[in-house]
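Just below is one structure, and these are the notes that go with it.
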Amino acid sequence: MSNTQPSLEQLYRQIVRTVALGTLIIALIAFVVSLVAYLVSQSIFIVVILTITVITIIGCSLTLLLLVRNYQLWQAIATFGIMVISCEVAIAVWLSEISLSVVPFLSVIILLAGLQGNRAFSIITLLVCIGAAIPIITFNQSPNGLRIDPHLVTFLEASSITALFIALWAFLDRIFAAQMQALYIADQRAEEAEAARNTAEAARQEIERRALEQQRLLELVAVLELPVLTIDERVLLVPLVGHLDSRRAEALRQRVLKVVAERRAQAVIIDVSGITIIDTAVARALIDTATAIRLLGARTLISGIGPAVAQTLVHLNIGLEEVVTAPNPEAALRLARATVGV
């Protein structure tokens, strides 16, 4: 909306500028022709026509000046309307024979006022035009004007009607051009919106792809961090390396229990030779893991308990009565195979 409103304002200004410029050109031509005619005949009617054309030239020039200097649109329309009404009054007073022919020119003012988009301004303009038209039509009924040659009357009527048609054509032409430009802007905005939507969709798909890739990497890290190796169809080996904290101990229990249930293993060897430090929570997590494995119908063997880990378990008063221990994975494997009968 913030971009469309200035564009419409410029289009409306261009419409008023076109009408005022067209009227100015017609007035200049009429002034030149009337001036030549006055030099030939020096008729009082030509003086009246010259006066009307001068009023028209001044009014159109002021209208164009206001538009160039970026005054309010209603000010330019009001200036143009005052010029038209002044010419209508002058024609009604001095050239009453053609006043009815120029009254329809007031409709141009009403059309231009509608561009402002201000209902109050449009209504006021309409009332002013009606108020000007009624006296002009009434004045036309009385023989107050100067008598004009019928041929001149015909020429002036034709000229006024031509000017009216040109003004209406200019107005409608600019309105049509404004509509076409508005449609072009709407299509352009629609294309920009579609491009933005496609860009957003591509970005969303890229984010989803990266999220899936990251998830796969995390799963791979989890597998590499806590590998569960199949020695044979009944024995599993779980080598632990590095620092075993509560998080890794919980992940170890979940992974081992899942693999034991899937492969129906009967013995699980947990090798802790790669662990140098163990605390109470981790030790209890290992005992709980062994207990859960036993509930699944398999036995747990722990191999590679070093001196430091053994002293820690004794100091923490954590016994491994339910778990078979072995010095290394090879010895644990022999015990496991002997246990399951392999």
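None of the values given here were measured: they were computed from a predicted structure. For the single chain, residues carry numbers from 1 onward in sequence order.
Classification of Arg334 and Glu330 as a salt-bridged pair fails, no side-chain N sitting under 4.0 Å from a carboxylate O. The pair Arg197-Glu194 meets the salt-bridge criterion, with a side-chain N (NZ, NE, NH1 or NH2) lying under 4.0 Å from an Asp/Glu carboxylate O.
Residue Leu28 is grouped with residue Ile58 when hydrophobic side chains (ILVMFWY) are merged at heavy-atom distances under 4.5 angstrom, including chains of intermediate members. Note: the hydrophobic cluster containing Ile44 also contains Val33 (ILVMFWY, side chain heavy atoms under 4.5 Å, direct or indirect links). Linking ILVMFWY side-chain heavy atoms closer than 4.5 Å, directly or via other members, places Val54 and Leu35 in a single hydrophobic cluster. Connection of Leu21 to Val32 is not established within any shared hydrophobic cluster, with ILVMFWY side chains joined at heavy-atom distances below 4.5 Å, either directly or through further cluster members. Taking hydrophobic clusters as Ile, Leu, Val, Met, Phe, Trp and Tyr residues chained together by side-chain heavy-atom distances below 4.5 Å, Met83 does not share a cluster with Val68.
The shortest non-hydrogen separation linking Ala27 to Thr53 is O-CB, 4.0 Å. Residues Ala336 and Ala267 share a closest heavy-atom pair of CB-CB, 3.8 Å. Of all non-hydrogen atoms in Ala285 and Ala249, the two that sit nearest each other are CB-CB, 3.6 Å. Of all heavy-atom pairs between Ala298 and Ala265, the closest is CB-O, 3.4 Å.
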Step-by-step side chain to side chain contact (heavy atoms under 4.5 Å, CB included) determination, Leu50 to Tyr38: CA-CA 9 Å; Leu50 284 172; Tyr38 176 76; 4.2 Å; yes
Worked check of salt bridge (Lys or Arg N to Asp or Glu O under 4.0 Å) between Arg253 and Glu250: CA-CA 5 Å; Arg253 178 167 56 191; Glu250 179 63 25; 2.3 Å; yes
Derivation and outcome, side chain to side chain contact (heavy atoms under 4.5 Å, CB included), residues Leu112 and Val19: CA-CA 9 Å; Leu112 294 178; Val19 174; 4.2 Å; yes
Side chain to side chain contact (heavy atoms under 4.5 Å, CB included) assessment of Thr230 paired with Leu236: CA-CA 5 Å; Thr230 302; Leu236 301 177; 3.7 Å; yes
CA sep, side-chain torsions, deciding dist, call: Leu333, Leu301, side chain to side chain contact (heavy atoms under 4.5 Å, CB included): CA-CA 9 Å; Leu333 179 59; Leu301 296 89; over 6 Å; no
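Formation of a donor-acceptor pair under 3.5 Å by the Thr125 side chain with backbone atoms of Ile110 is not found in this model. Of the possible donor and acceptor atoms, none in the side chain of Ser34 sits under 3.5 Å from a partner among the backbone N and O of Phe31.
Side-chain contact, Asp271 with Ser303: a donor N or O sits under 3.5 Å from an acceptor N or O. Between the side chains of Gln10 and Gln14, no donor N or O sits under 3.5 Å from an acceptor N or O.
In this structure, Ile123 shares a hydrophobic cluster with Leu127, the cluster being traced through Ile, Leu, Val, Met, Phe, Trp and Tyr side chains under 4.5 angstrom apart.
Note that CD1 of Ile49 is 11.5 Å distant from OG1 of Thr56, once rounded to the nearest 0.5 Å. Between atom CD of residue Gln205 and atom CD of residue Glu208 there is a gap of 7.0 Å, rounded to the nearest 0.5 Å. A distance of 6.0 Å separates CD1 in Ile85 from CG in Leu106, rounded to the nearest 0.5 Å. Rounding to the nearest 0.5 Å places CG of Leu257 at 6.5 Å from OG1 of Thr289. Taking CG of Leu64 as the start and CZ of Phe80 as the end, the distance is 9.5 Å to the nearest 0.5 Å. Considering CD1 of Ile15 and CZ of Arg17, their distance stands at 10.5 Å, rounded to 0.5 Å.
Within 6.0 Å of atom CZ in Arg209, more than 12 heavy atoms from other residues, nucleotides or ligands are found, so the atom counts as buried in its surroundings. By the neighbour-count criterion of 12 heavy atoms within 6.0 Å, atom CZ of Arg119 is sparsely surrounded, having that number or fewer from other residues, nucleotides or ligands.
Of the residues Ile231, Val268, Val228, Ile270, the one that meets the side chain to side chain contact (heavy atoms under 4.5 Å, CB included) test with Leu237 is Ile231.
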Show the atom names and distances, to 0.1 Å, of all donor-acceptor pairs under 3.5 Å that link a side chain in residues 72-79 to residues at least two apart or in another chain.
{"residue": "Gln75", "atom": "OE1", "partner": "Gln72", "partner atom": "N", "Å": "3.1"}
{"residue": "Thr79", "atom": "OG1", "partner": "Gln75", "partner atom": "O", "Å": "2.8"}

